[in-house]
Number of protein chains: 2
Amino acid sequence: MNLSDRQMNILRYIAEFVEERSYPPTIRQIGAACDISSTSVVKYNLNKLETDGLILRDPEVSRGLSLDWAKLDAAGLLPEIQKPVGYAVNGAATRVAERVNRATERVVSFFSVPVLGHIAAGEPIQVDVSDYDSADEWIDLNQALYRDRDKLFALRVQGDSMVDASVLDGDIVILRHQEKAENGEMVAAWIDGLGETTLKHFYLEGKQVRLRAANPNYKDMFFPAAQVSVKGRVVSVIRQLE
Amino acid sequence: MNLSDRQMNILRYIAEFVEERSYPPTIRQIGAACDISSTSVVKYNLNKLETDGLILRDPEVSRGLSLDWAKLDAAGLLPEIQKPVGYAVNGAATRVAERVNRATERVVSFFSVPVLGHIAAGEPIQVDVSDYDSADEWIDLNQALYRDRDKLFALRVQGDSMVDASVLDGDIVILRHQEKAENGEMVAAWIDGLGETTLKHFYLEGKQVRLRAANPNYKDMFFPAAQVSVKGRVVSVIRQLE
DNA sequence: AATATACACGAACATCTGTGCGATGTCAAG
DNA sequence: CTTGACATCGCACAGATGTTCGTGTATATT
């Protein structure tokens, strides 16, 4: 898939148009905006984009096209075609420019993450990553904020066993499934010696693992590396109080 | 604003159509779906809906209509016209029904909350609620999860002064502006005696205020009621680690 | 030189689509 | 009963809209 400037422009224009008017542009509008005098050329390029899977088209239908955000994201094109303003955020992100009307509501692409269970002291995390279907609770996250979304899952925190990670009863922890951790990353780890799952910053120091709590008032813990098995990396914590 | 069954049906159909195909239906499609034989009747009813502000129309434009979700929400119509499945969540919420395809991405109505500043020990919260325009950072939240959205604002936590509330450096705290608190609510309060803003659970006990930290390992604090001024209620805490 | 391929142009065409208008039916107020 | 507002219907029309087709222009391949 190798997009010409024209095709990029078309994608950008469609995104902008839809954001602004909540319905797609016509072929002629696209042509006018992208300096294409002929409707057939627009169609030609739209066919390309559809073949590449980046857009969806309903043939013979006026304005019958839409962007496939998932594919665009997969192709790494999101930053290219998404407007810097009106960009969206689940947690936090800096909005660059001015905002005309703060009441303006928009629509944002979302994806879902399964809540695979809960996390509590004294229990291993019961994560069967293939067991996505059994989840009966889902968290919707903003697409723009998360990468490697296939590997994400969520756990609900039970009890006060994670206070030293500043994670409270009822909080939702978003994790990315991974078995190895870089130093400094906050991970969910099962500690064999303790019989506990814990959320800590991970540091491999020789054959020892140092686990540092997020709350600086708690002391570091040390375990033989063999006793610590990383279950995933903590990507986000969400606390909803009402 | 008093909607006929027909108009409700039209709204429902448009919502369903847009959700499914990401572009709006034509007048004739609406007619066919809602058992209206004449296009002009559809137009007649669309005019009604537009006058009520529930939809937006671009005259003379094919499929030139869109739903005004904010208005629909304000009119209490969201539950009526929104599909029960595919409803969205920022933080956490139980999804009732089955999910066809977990990779399905949808669009969700969002609203923005200004990040009015930061919260740190030793400083009052510099919240001028009318000062929304000066915010250069915004948090987008899921409409469905928050009520009284006009009064919401966000603060970024600076430093480790809120660890006893299980809130870390860099976290985003979503607050609802209010000056009075019910017992047990978690509030942001300025404590005159300490010269600090703090996040604590609030309890008015006689002429004293007891402030309880979210982390049970911290002791309660007591102040004369006159010294404690509530700035807002904590509605959500969001921590983004990558 | 001949051919193939990718990209672009413009005109013609058949639908699609929103709008306007006159006619009809309903129903409550006068 | 009459009137008028409201809701509906059918239809014709002008403009919009996607598609098709013949053509032209590079660039690479054979």
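Within every chain, numbering begins at 1; the chains are lettered A, B, ... in the order of the sequence lines, protein sequences first and strands thereafter.
- For C/dC9, one of the phosphate oxygens OP1 or OP2 lies less than 4.0 angstrom from a side-chain nitrogen or oxygen of A/Arg6.
- No donor-acceptor contact under 3.5 Å links the side chain of B/Thr39 to the base of D/dG10.
- Considering only the side chain of A/Ile36, C/dC9 comes nearest among C/dC9, D/dT19, D/dC9.
- Using a 4.0 Å heavy-atom distance criterion, B/Ser4 is classed as making no nucleic acid contact.
- Atom CG of B/Asn45 and atom C1' of D/dC6 are 11 Å apart (whole Å).
- Contact check, B/Asn47 against C/dT19: no side-chain N or O comes under 4.0 Å of OP1 or OP2.
- When rounded to the nearest whole Å, the span between CD1 of B/Ile27 and C1' of D/dT8 equals 15 Å.
- In terms of polar N and O atoms assigned as donor or acceptor, the side chain of B/Thr26 never comes within less than 3.5 Å of the base of C/dC16 in a complementary pairing.
- The OH atom of B/Tyr23 sits 13 Å away from the C1' atom of C/dC16 (whole-angstrom rounding).
- For the pair B/Glu60 CD and D/dA14 P, the interatomic distance rounds to 14 Å; values are reported in whole Å.
- To the nearest angstrom, P of D/dT19 lies 10 Å from CG of A/Leu65.
- Phosphate proximity of C/dA8 to A/Tyr44: absent, as no side-chain N or O sits under 4.0 Å from OP1 or OP2.
- Residue A/Gln29 is the one, among A/Gln29 and A/Ser40, whose nearest nucleotide of DNA chain D lies closer to the 5' end (criterion: closest heavy atom).
- Distance, B/Ile30 CD1 to D/dT8 P: 14 Å, rounded to whole Å.
- Counting distance only, with no hydrogens placed and no angle test, the side-chain atoms of B/Ser37 and the base atoms of D/dG10 include no donor-acceptor pair under 3.5 Å.
- The only member of A/Thr26, A/Leu46, A/Leu56, A/Ile27 that meets side-chain contact (heavy atoms from CB on, under 4.5 Å) when paired with A/Leu65 is A/Leu46.
- Distance alone, capped at 3.5 Å, is enough to place a donor-acceptor pair between the B/Asn45 side chain and the B/Val41 backbone.
- Two residues are said to be in side-chain contact when any heavy atoms from C-beta on lie closer than 4.5 Å; A/Leu155 and A/Leu175 meet this criterion.
- Per the geometry, CZ belonging to B/Arg28 stands 15 Å off P belonging to D/dA16, to the nearest Å.
- For the pair B/Lys43 and C/dT19, the criterion of a side-chain N or O lying under 4.0 Å from OP1 or OP2 is met.
- OP1 or OP2 of C/dT17 lies within a sub-4.0 Å distance of a side-chain N or O belonging to B/Arg63.
- The side chain of B/Arg57 places an N or O atom within less than 4.0 Å of a non-bridging phosphate oxygen (OP1 or OP2) of C/dT19.
- Between A/Phe153 and A/His177, the ring planes lie tilted relative to each other; the angle falls in the 30° to 60° range.
- Residues B/Ser62 and A/Arg63 have side chains in contact (heavy-atom distance under 4.5 Å, counting atoms from C-beta outward).
- Side chain of B/Ser62, nearest nucleotide from D/dG18, C/dC9, C/dT17: C/dT17.
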